[in-house]
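A quick write-up on the structure given underneath.
Chain identifiers are assigned alphabetically (A, B, ...) following the order of the sequence lines, protein sequences preceding nucleic acid strands; residue numbering begins at 1 within each chain. This is a predicted model, so every value here is computed, not measured.
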Amino acid sequence: MRADDTSEYVEFVSARLARWHRAAYLLCGDEHRADDLVQTMVTKLYVHWARASAADNLDGYVHRMLVRAYIDEKRLAWSKVWLMSATPERGASGDTGVEERDMVVRALADLPKGQRTVLVMRFLCDMPVESVAAAMRCSTGNVKAQTARGLATLRARLGEAPLAGAGTGKGGGFSE
Amino acid sequence: MNDQFEERADDVRVLLETAQVPPANADLARAITAGGVVRRRRRYAAVAAATVFAVAGTAAVGQALDRTAGADRMDVPIGETVTSTPPPFSTCTVAALPAPPGKGVLAGQVVADPTGRYAAASLVQPDGSIRPVLWTDGEPRVLPAVGASAQPRAVNSSGVVVGTSAGDEGGPLAWTYHDGHATELAPVTGYEWWTPLSVDTDGDVTGEAWRGMRFAVVRWDQADPLGGPLLLTEPRDVHGSGVGGDGTVVGTRGESAAPYAWHPDGTGRALELPPGAATGQALAVRGQWAAGWVGLPADKGTAPGELAAPRAQGRGLDRRVYDDMLGKAMAGGKLVTAPARWDLRTGEVTHWPDRAMPATAVNATGWIAVPGEGGPTVISPAGKVTTLPGPADGYPTTLSDDNRRLYGERVPQAPDAPALAAKEKERAAKAGDGTELLMWQC
């Protein structure tokens with residue numbers, strides 16, 4: 001990689017790290033796994049930077065990498081190895097934080113994996129339905145159905161809680 | 001269902017955007033260094049695959065993987081390892097070059113001066129910025145930044161370092177460092193990219209500028225770094241890798257890679273190839289000696305399954321050009337590589353067809369360094385091979401004139417099984433995830 005490519009990479013990634021980390025954390029609900037996911041992703045992105053930076057929609061490319069990394073963790077030997085070698089000592093610190101986790105994070109964590117993924121990808125990462133479907137290797141209909149179910153469950157869950165609708169005042173206002 | 005009727009769910013958007021999440025701990029420095037290792041492994045794996053395929057088919061592949069993935073090799077300790085062979089390599093120790101404490105991880109290739117006293121490489125800081133580091137007898141010092149992503153390319157025996165960075169607009173920025181100050185070198189007008197390749201004892205800088213696939217040798221005058229650099233050759237299809245003390249540049253010519261040398265007066269010549277060899281590249285030059293590799297047809301090779309990893313010395317970032325060249329050289333898929341040394345005075349070429357790695361460094365007396373299976377070696381002018389101590393994946397890239405000091409890095413082969421990957425990962429973690437740079441003292 002030429003020096004200018006490296007600085008392009010650093011510039012691009014630095015500006016987005018926090019957002020990717022947020023997406024990863026909301027997906028997996030675990031601080032350390034989120035760090036691992038993002039670390040794996042930015043490393044892969046560096047390896048493939050020449051190709052990735054030529055992509056029409058680089059943000060979309062990265063979001064696809066993220067969702068694939070999350071869904072297909074088994075395919076990522078790297079991530080797997082990291083988790084195998086590091087989980088025991090990390091588990092303890094992760095557990096202590098559970099009670100303090102944000103209400104939204106907990107509500108998301110209770111959703112089935114597929115519903116949680118579509119919500120984060122579509123509404124945090126702004127991925128179109130088609131891209132989410134491609135990344136999840138399912139149909140657009142499936143993505144839409146999971147979106148609808150996920151939204152309903154999430155709103156119901158938050159509606160029971162004191163923080164319902166926090167920040168918007170609109171919680172639960174849609175019919176499906 | 002039409003997308004415009006799709007749920008926008010602004011309430012959930014806001015919730016997702018404002019939910020409390022812990023701080024991110026991703027480390028760009030680690031990504032860049034780890035990613036760099038993956039890239040190197042892939043390169044080597046690709047070359048190895050082509051070589052092995054050409055030679056012997058799948059049985060050899062299995063054997064090669066078994067051999068190179070041997071976990072025991074990873075465990076060879078770095079430290080007071082000693083060989084006992086006749087001088088000049090009778091007692092050698094190997095040590096990791098230390099990173100400046102607490103400042104980041106090391107990256108890039110290490111370059112050194114002909115005495116071996118000075119060495120330079122890059123330091124990736126936790127925020128992803130990259131600074132040059134200069135070692136004096138193994139003691140590191142971070143140098144001032146010039147532009148972004150600084151990569152040292154050469155150092156002379158007075159500790160003058162030259163290198164490249166990215167400028168404000170992403171273009172190349174060549175620089176020289178001496179006496180505590182970094183100075184920009186003038187841009188090469190009319191070229192897309194340029195880089196210093198060497199700095200001589202007077203501080204004059206020889207480098208290369210290119211546009212597309214055409215390269216020209218350039219010279220920056222130490223007395224006038226900001227004056228326009230001198231173009232020493234017309235742009236041609238010759239690509240430089242190493243520069244000797246007298247300004248001789250060696251490299252390769254043409255798409256199919258033929259070893260080549262050209263001189264400060266602009267003249268050049270093709271270097272001899274051994275019988276049967278079709279391609280090659282000189283990577284380093286010192287005095288009358290040049291070192292590199294030659295490509296032999298597979299049936300001439302006697303080392304089926306050995307891994308070949310030729311690469312340009314000191315040109316870590318210039319991968320695209322090199323990949324193109326190597327890809328074309330390998331296009332037939334029937335090539336094995338062998339280390340080679342050229343006597344520029346007589347034109348004679350010597351090669352070692354039972355070895356696959358290139359000769360990566362050469363000194364004024366014609367000794368060469370050759371990495372390879374079983375550990376890195378040095379080969380005397382008479383052809384005597386001595387294995388250096390330390391890790392078998394040590395990859396020396398410099399050899400001092402007095403045969404007392406070599407610098408290099410560890411280049412682990414790709415792990416093929418999870419257990420090995422885990423081992424490798426542990427090792428990398430212990431090393432702080434950076435490139436492990438090595439110094440051999442003999």
Side-chain angles (χ1 to χ4, degrees), chain A residues 1-10 13-14 17-18 20-22 25-26 31 34-35 38-39 42-47 49-50 77-78 80-82 84-85 97 101-105 108 119-120 122-124 128-129 144 147-148 151 154-155 158 165-168 170-174 176, chain B residues 1 3 6-28 30-36 38-39 42 127-130 147-151 163-167 169-173 193 195 316-320 415 418-419 421-422 424-426 429:
Chain A
M1 181 179 284
R2 289 168 22 167
D4 58 332
D5 291 339
T6 300
S7 45
E8 260 180 32
Y9 165 85
V10 169
V13 172
S14 312
L17 259 188
W20 295 339
H21 177 76
R22 169 174 292 273
Y25 180 71
L26 294 181
E31 180 178 351
D35 280 330
V38 173
Q39 187 70 41
V42 295
T43 304
K44 282 174 69 113
L45 186 61
Y46 181 78
V47 173
W49 181 245
W78 197 327
K80 190 170 62 181
V81 167
W82 181 265
M84 284 186 337
S85 63
R101 282 195 304 181
D102 187 278
M103 191 72 65
V104 177
V105 175
L108 272 174
L119 293 189
V120 172
R122 291 202 52 204
F123 301 124
L124 183 67
V129 172
K144 288 174 184 176
T147 305
L151 283 173
L154 189 65
R155 285 173 177 144
L158 292 171
T168 67
K170 286 171 61 181
F174 283 92
E176 302 302 332
Chain B
M1 200 189 301
D3 272 348
E6 261 285 304
E7 173 86 79
R8 268 197 53 78
D10 287 334
D11 57 331
V12 170
R13 268 173 213 275
V14 172
L15 287 175
L16 295 181
E17 279 168 8
T18 55
Q20 205 183 338
V21 303
N25 286 315
D27 182 338
L28 284 193
R30 226 175 82 205
I32 288 171
T33 49
V38 172
R39 288 170 172 218
R42 290 201 173 160
D127 64 356
S129 62
I130 300 174
S149 306
Q151 308 272 332
T164 38
S165 298
E169 281 150 28
L173 176 59
W193 203 264
T195 182
L317 296 185
D318 184 18
R319 295 301 192 209
R320 185 175 54 86
E424 164 68 1
K425 186 142 186 99
E426 273 176 17

Practice item. Identify the two heavy atoms, one from Tyr25(A) and one from Gln20(B), that lie closest to each other, and give their separation to 0.1 Å. Key: CE2-O, 4.0 Å

Practice item. Can you tell which part of Leu124(A) gets under 4.5 Å to a heavy atom of chain B, answering side chain, backbone, both or neither? Key: both

Exercise for review: Determine the minimum heavy-atom distance between Leu16(B) and Val104(A), stating which atoms define it.
Suggested key: CD2-CG1, 4.5 Å

Check your understanding: Within the distance-only criterion (no hydrogens, no angle test), does the side chain of Arg22(A) pair as donor or acceptor with the backbone N or O of Val21(B) below 3.5 angstrom?
Key -> no

**Study point:** Exercise: identify the closest heavy-atom pair between Val12(B) and Leu151(A)
**Key:** CG2-CD2, 3.4 Å

Point to revise | Region of Leu173(B) in contact with chain A, defined by heavy-atom distances below 4.5 Å | key: neither

**Study point:** Rounded distance (nearest 0.5 Å) linking atom CZ of Arg155(A) with atom CG of Leu15(B)
**Key:** 9.0 Å

